[in-house]
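Below is one structure, written out as structure tokens; comments come after it.
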Amino acid sequence: MSVKGLAALAAAVGVGLLSGAAIGQEVKQDQKSQVGNANVPPVTQDQLNAADKSTRDFLLTNGNYAQTRFYPGKQISRNNVKNLHVAWIFQTDVKESMETSPIVVDGVMYVTTSFSHVYALDAKTGQQLWHYAHKMGPITTYCCGPNNRGVQVLGDRVYLATLDSKLIALNAKTGEVVWTTNIADPELGYSETMAPTVVKDKVLIGTNGGEYGIRGFVRAYDAKTGKQVWNFNTIPDSTVGVWATKDATGRDMHRNIQAEKDALAKVGDPFAKLGGGVWQNPAVDLATNRIYFVVGNPSPDLDGSNRPGDNLYTDSLVALDLDTGKYVCHFQYIAHDVWDLDAVSPPVLVNVRNKAGKTIPGVIHAGKTGHIYVHDRNDCSLIRFSDAMVPQENMWVLPTKEGARMLPGANGGVEWSPIATDPGQELAYAINLHQPMHYRVESSPYPNGKLWLGGAFTAIAGEKQSGNITAVNYNTGKIKWQVKTPEPMIGGILATAGGLVFTGEGNGKFAAYNSSDGKELWSFHAGAGVNAPPSSYMVGGKQYVVVGAGGNTQVDFKRGNNIIAFTLD
Amino acid sequence: MFEKLAICVVVLLLAATQARAETIEDKVQVCAGCHGADGKPVDKTIPTIWGQQAGYLYIQLRDFKRGDRKSDIMQPVASQFERDDMLAIAEYFAQKPWPDLGQPRAPKDVAGKALGASASVGCPACHLDHFQGDGTVPRLAGMGRDYLAKTIADFRTRARGNNPGMSDLMLATPLDDLAALVDYLAGL
């Protein structure tokens, strides 16, 4: 790790206006930062702690530290949402996959684009205040698009993690670089697409790279200096585990335990190249000073022959102590995964009923398997899992050289898309993909930081794909309602106290639904895939809903470069 | 064409024995013999490197030197260079304009077949929209047809051994789909 002092990247050009439309992908030759002025007061830790109660701001990627994505404002409601209309559209300079969660601080919005750009916008008008165009290093190694999912603000700094695996603090007012820290070596397959979570002067960040044979981690960096505070290897030194033969739902995973034990004796513990990326933000339990996150797939994705054992802590929920990074508990959904049906959607802290019917602090996670898993926050143990939200067939057939058909496909179920919850209704809202796939296995040695799938998962030509929005009662595990969509869904969802959920589709549709029964109440066509999580906020006494419409690389939905805000008259 | 290739190899072998080049222009002089002084390769099985992604070019030079990617021609060339040289050479060529090889656009039915195959295996997830590539992933749009065909064939046999993930994906794709992809990508 090195901490560099910083220097503004480019000349100040004053307050920018709406930028011109992007041409192609990133405008690399012309890219430059535009330093401006965002009149925004420093964000305090107290503000962040109370983010769940703020109707003015949307301070964290998933709304608040519990990651409920429940916005407490209700000016936009079931009764008037039909009158929702575009307040403004901001065109970014980057026309590529858009997964950003806009955050809003006292009338200033921060959004990101692919290739790690950051924009500060006037949240009322959409006018650009400043633009940070990251000067990307030549070596980037990443899976599933050059995405960025957002930033977070603490004090007067905006924190960004970049595709070339750097952590950067920007001046929240001007967009100037305050410090830069190298997180890991992109030549070995490390990259960053997630938004940092900043809490108690620590910047928490995971890493991508589970498709490249990395050794995953979650780290805390000092928010003031960029120096590393602690590191937790998501792949511990001993990854063998308990030789679990069944998944979290009790289904046999057809492991050949003896063959794995023989392999272990031969190759040893495979921890060094075992993957275990962390794609999304941890939830923070302020009461117990713990963080909860999920760990992705083992490397190589489909070939388990050279990684004997349960491959801890891949495909797991993990809890750590916030101050020290010390392990608290974990729960593994799929041991020795050979389907890439890993854990990626960010966990959510809500109170849940345990098996005895008592209300306790819980943590829930929506899996690529299509289940929502409900855990006891105290020890990570599983309380229940929901009805399957997508078709499941032939689970867990082992991948073959010729290709074995199994549902769900390797994107899920629920991909990285954050879920939303409405604790008053005891509901979790998830968007799902349905993509029938063939799972194929091929064996090859570690390729020095290159793509290492150990086979291929291919969508089956001629088999219909679709998606859905599903509301699940997390205290019963039962599906309350489900809306089918014509295409697989990836992006995110927002619930509001106005009795609504908002989410978008790859075909450009962005819609509001009654959160109690799923009835569609309003929609808008964005012209490009709406595959990003929406946010909501208030400025000038009016509630806005905002979402990115930039399409998606992973599922190849039509690209765009728009941030679109909606409001009522 | 054989003659051109033979000349290209001779130029290379001579260059490989020269004293260490000093400037970037000196260092890249050797490349033009095969990859073309105007960015158009002298032989159809040689890849376009003008306008290619810098990260990709660097990784290939690195792998030739390491022996992870086999080539009797490229290995001695790349072996002369240290990491900083490779990065500079990669950046030099990345800044050049991508040459138009004048390859025909694929017919509609071929393009349709290619896009179906691409959707199944997920090519744009790495090569991005319009197959422009980024970072360590190469641009494929407008690449020489014969080079594309040879590379895919070499991935399938693992003769091209420095990206087993690509070998896996190419082995998972039917041959007629791959043929369509070659025509489609070359014509972009």
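The chains referred to below are lettered A, B, ... by the order of the sequence lines, with proteins before strands, and numbering in each begins at 1.
- Among Val555(A), Asn448(A), Ile460(A), the residue making the largest number of heavy-atom pairs under 4.5 Å with chain B is Asn448(A).
- Once rounded to the nearest 0.5 Å, the distance linking CG of Leu451(A) with CG of Leu169(B) reads 6.0 Å.
- Heavy atoms closer than 4.5 Å to chain B are found nowhere in Asn552(A), neither backbone nor side chain.
- Here the straight-line distance linking atom CD1 of Ile59(B) with atom CD1 of Ile139(A) works out to 5.5 Å at 0.5 Å rounding.
- With rounding to the nearest 0.5 angstrom, the OG1 atom of Thr553(A) is 13.0 Å from the NE2 atom of His127(B).
- Top candidate by heavy-atom pairs under 4.5 Å with chain B, chosen from Glu442(A), Met437(A), His438(A), is Glu442(A).
- Close approach to chain B, defined as a heavy atom under 4.5 Å from one of its heavy atoms, is seen in no residue of residues 404-417 of chain A.
- Counting heavy atoms from C-beta on, the side chains of Pro447(A) and Asn163(B) never come closer than 4.5 Å.
- Heavy-atom pairs under 4.5 Å with chain B peak, among Ala461(A), Ala456(A), Gly449(A), Gly455(A), at Gly455(A).
- Within 6.0 Å of CZ in Arg66(B) there are more than 12 heavy atoms belonging to other residues, nucleotides or ligands.
- The choice from Ser118(B), Ala172(B), Gly161(B), Ala117(B) that makes the most heavy-atom pairs within less than 4.5 Å of chain A is Ala172(B).
- Contact annotation: the side chain of Val121(B) never approaches that of Phe457(A) to less than 4.5 Å [non-hydrogen atoms, C-beta and beyond].
- With hydrogens and angles ignored, the 3.5 Å screen pairs a side-chain donor or acceptor of Ser120(B) with a backbone N or O of Ala459(A).
- Considering all non-hydrogen atoms of both residues, Pro146(A) and Leu128(B) come closest at CD-CD2, 3.6 Å.
- Side-chain contact between Asp129(B) and Glu96(A) is present, with at least one heavy-atom pair separated by less than 4.5 Å.
- Residue Asp84(B) qualifies as open at atom CG: its count of foreign heavy atoms under 6.0 Å is 12 or below.
- Within the 4.5 Å cutoff, the side chain of Tyr142(A) has heavy atoms near those of the Asp134(B) side chain.
- Counting heavy atoms from C-beta on, the side chains of Pro124(B) and Gln554(A) never come closer than 4.5 Å.
- For the side chain to side chain donor-acceptor pair (under 3.5 Å) test with Lys450(A), the passing option among Thr136(B), Asp68(B), Asp63(B) is Asp63(B); the others fail.
- In this structure, chain A has no heavy atom under 4.5 Å from any part of Leu57(B).
- With contacts defined as side-chain heavy-atom distances shorter than 4.5 Å, the pair His130(B)/Arg559(A) does not qualify.
- The structure places CG of Asp556(A) at 9.5 Å from SG of Cys123(B), a figure rounded to the nearest 0.5 Å.
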